Every structure is written in structure tokens, then in C-alpha cells.
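Note sheet for the following structure.
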Amino acid sequence: MRNSRSKLLKLYESLLEAYGRQNWWPVDEEYHRRHGSDPREEIVVGAILTQNTSWKNVERALENLKGEGLLSFRGITSAPLQKLEELLRPSGYYRQKARRLKEVAQTLSPVSRLEKISREELMRIKGIGQETADAILLYACGRLSFVIDAYTKRVVERVFGLKKDAYEELKRWFEENLPKDLELYREFHALLDEHAKRYCKKRDPECAGCPVAQMCLKLE
DNA sequence: CCCCAGGCCGCGC
DNA sequence: GCGCGGCATGGG
């Protein structure tokens, strides 16, 4: 549908205009230079840790790992489980995440595996579901895989009146209606999250002052 | 006190 | 093939 295609692009451009480039995914390049690890490893770790968890809490856990020089697949694999749990504590679900991180780090080593791995293969790893797989593909592997999260669903539901509950269906809808541009995929997802946090909040959305209120179905 | 956060898995039906 | 509870910390 041509109409939703142009409206979707318009939404992207408006959000970009309003919030500027987000430059996701944030990684500490310098840390990885010093430790001989790959920044992509940090993206994978962050993707696991941020599951249903605020990024603020994830940052604390990442800092803890860095402090022990363990923010890498090798570090996570070699660390005792108890030690890992302790460091991951601020990110919540820390026992689950410690176990799953070990599994993920081992399965994805060496990190060059990311260059050929498929979405299905990623999702077979315990702890990696649809969204985490897509985030890894998009931000670590550089593939054109649009990421859907709770924020994305909420914004799209309000702006377009689209009630696509099914993850795969909504993902396809984005991918069919966007130009195949890696930076656009990355920025758009980040912008949707930023927008959902600032204005399009779950409870008490601040529609007054919303930068995309003009095109929002909810306000018609 | 409540709800929410950059989800996923295992279970019962 | 679904809906649901459990997982857990920190902030508003």
C-alpha cells in the first residue's frame, strides 16, 4: 500500500527532525581496543541484558563487567557463574541472564560467527527470541532486519491505528514499506524508542507537544 | 502503594 | 497455537 509507505517514511523523517540522530548501538570502542575484544560482543551482551529492563540498569551491569575486564565472550565464558551473577545483578533477572549469557557467548564464539549466522540459528539459542535476534542482526551483524519492540508496537498502534499483535507480521510491514537502508533501519528503531519514552508513553502519553501529533490517528 | 523498563521460556490447555 | 506466570532490579 503506497499510502502507508509514504506515511511511514514521513514518520521517520519527523522523528529524526525532532530528536536528531540517535547513533545506536552505543559501545565502548576504547575498551575493546585495550582488551582485544570485538565491539560486536558488547552489542550481543547488551541485547540480552536489556530484555524487559531499562537501559540505565543495563549500563550498570555493563560497567561492572568492564570493571572486571569481562565484557567479552571470552570473559563471560571463563568467569565463574556466581561471579557473573553478582556483576549482572543491577540488570535484573540476573540469575537467568548469567546462565543465558554464558550459553550465548559460547555458541557465538568466535565472534566471526556473526557474519554468517541466520536468524533461525540465533533464535535456537536459549535466551534469544525474535526481538533480541533482530537487534543482534541489525546492530551487530549489519543486516537489514527491522526490530520490533513494545515501544514500536505502541507508537504504530497509535499513529497508524494498526493493531498487529503478531511480531512477524509487523516486522514484515516495516520492511516492505521502507527503503533497504541499514542506517535508516537502525535510526528508525532507535527514534521510535526515544519517542515512546519521551511522549508516547504507555500511561499518560503527552500528546500536547508531541512532534508527530499532526499525523497521529489517535488524535483525529 | 502502584506501574514500568530496549523479552523470553516453559508450561498447561 | 495460544495465554499465562516467573524471572528481579531500580526509578517514577
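Naming: A, B, ... by sequence-line order, numbering from 1 per chain. None of the values given here were measured: they were computed from a predicted structure.
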Assign [X] to base, sugar-phosphate, or nothing according to its heavy-atom contacts below 4.0 angstrom with the strands shown.
X         : value
Arg124(A) : nothing
Ile48(A)  : nothing
Ile125(A) : sugar-phosphate
Glu131(A) : sugar-phosphate

Within this structure, what is the [atom1]-to-[atom2] distance between [X] and [N], rounded to whole angstrom?
X         : N      : atom1 : atom2 : result
Arg95(A)  : dC9(B) : CZ    : P     : 19 Å
Asn64(A)  : dA8(C) : CG    : P     : 16 Å
Leu101(A) : dC8(B) : CG    : P     : 14 Å
Arg99(A)  : dC7(C) : CZ    : C1'   : 9 Å
Asn57(A)  : dG7(B) : CG    : C1'   : 15 Å
Leu122(A) : dC9(B) : CG    : P     : 12 Å
His195(A) : dA5(B) : NE2   : P     : 14 Å
Tyr94(A)  : dC7(C) : OH    : P     : 11 Å

Quick check on Arg74(A): does its CZ atom have over 12 non-hydrogen neighbours (other residues, nucleotides or ligands) under 6.0 Å away?
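Not more than 12 within 6.0 Å, no.
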
Suppose you measure atom P in dC3(B) against the same atom in dG5(C); what distance do you get, rounded to whole Å?
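Looking at atom P only, dC3(B) and dG5(C) are 14 Å apart.
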
Would you measure the distance from the C1' atom in dC1(B) across to the matching atom in dC7(C) and give it in whole Å?
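Taking atom C1' in both dC1(B) and dC7(C), they lie 22 Å apart.
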
Ring centroid separation Trp25(A) to Trp55(A) under 6.0 Å
yes

Using heavy atoms to find the nearest nucleotide of DNA chain C for Arg100(A) and Lys56(A) separately, return the residue whose nucleotide is more 5′.
Arg100(A)

Taking for each residue the nucleotide of DNA chain C with the nearest heavy atom, is it Arg60(A) or Tyr93(A) whose nucleotide lies nearer the 5' end?
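It is Tyr93(A), whose closest nucleotide lies nearer the 5' terminus.
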
First of Trp24(A) and Gly127(A) reached from the 5' end of DNA chain B, by closest nucleotide:
Trp24(A)

Among dC8(B), dA5(B), dC4(B), the nucleotide that comes nearest once only the side chain of Arg154(A) is considered:
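Between dC8(B), dA5(B), dC4(B), the one nearest the side chain of Arg154(A) would be dA5(B).
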
Using a cut-off of strictly less than 4.0 Å, decide whether [X] has a side-chain nitrogen or oxygen near OP1 or OP2 of [N].
X         : N       : result
Arg89(A)  : dT9(C)  : yes
Lys126(A) : dG10(B) : yes
Thr132(A) : dC8(B)  : yes

Write down the atom of Phe73(A), the atom of Ser109(A), and the distance for their closest heavy-atom approach.
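What the structure gives for the nearest pair is CB-OG, 3.5 Å.
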
Looking at every heavy atom in both Arg40(A) and Ala140(A), which two are closest together, and how far apart are they?
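In this case the closest contact between Arg40(A) and Ala140(A) is CD-O, 3.2 Å.
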
I'd like to know if the side chain of Tyr185(A) pairs up with that of Asp134(A) as donor and acceptor (distance under 3.5 Å, no hydrogens or angles considered).
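The criterion, which ignores hydrogens and geometry beyond distance, is not satisfied for Asp134(A) and Tyr185(A).
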
Is there side-chain contact between Phe188(A) and Leu178(A), with at least one heavy-atom pair below 4.5 Å?
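Contact flag for Phe188(A)/Leu178(A) side chains = yes.
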
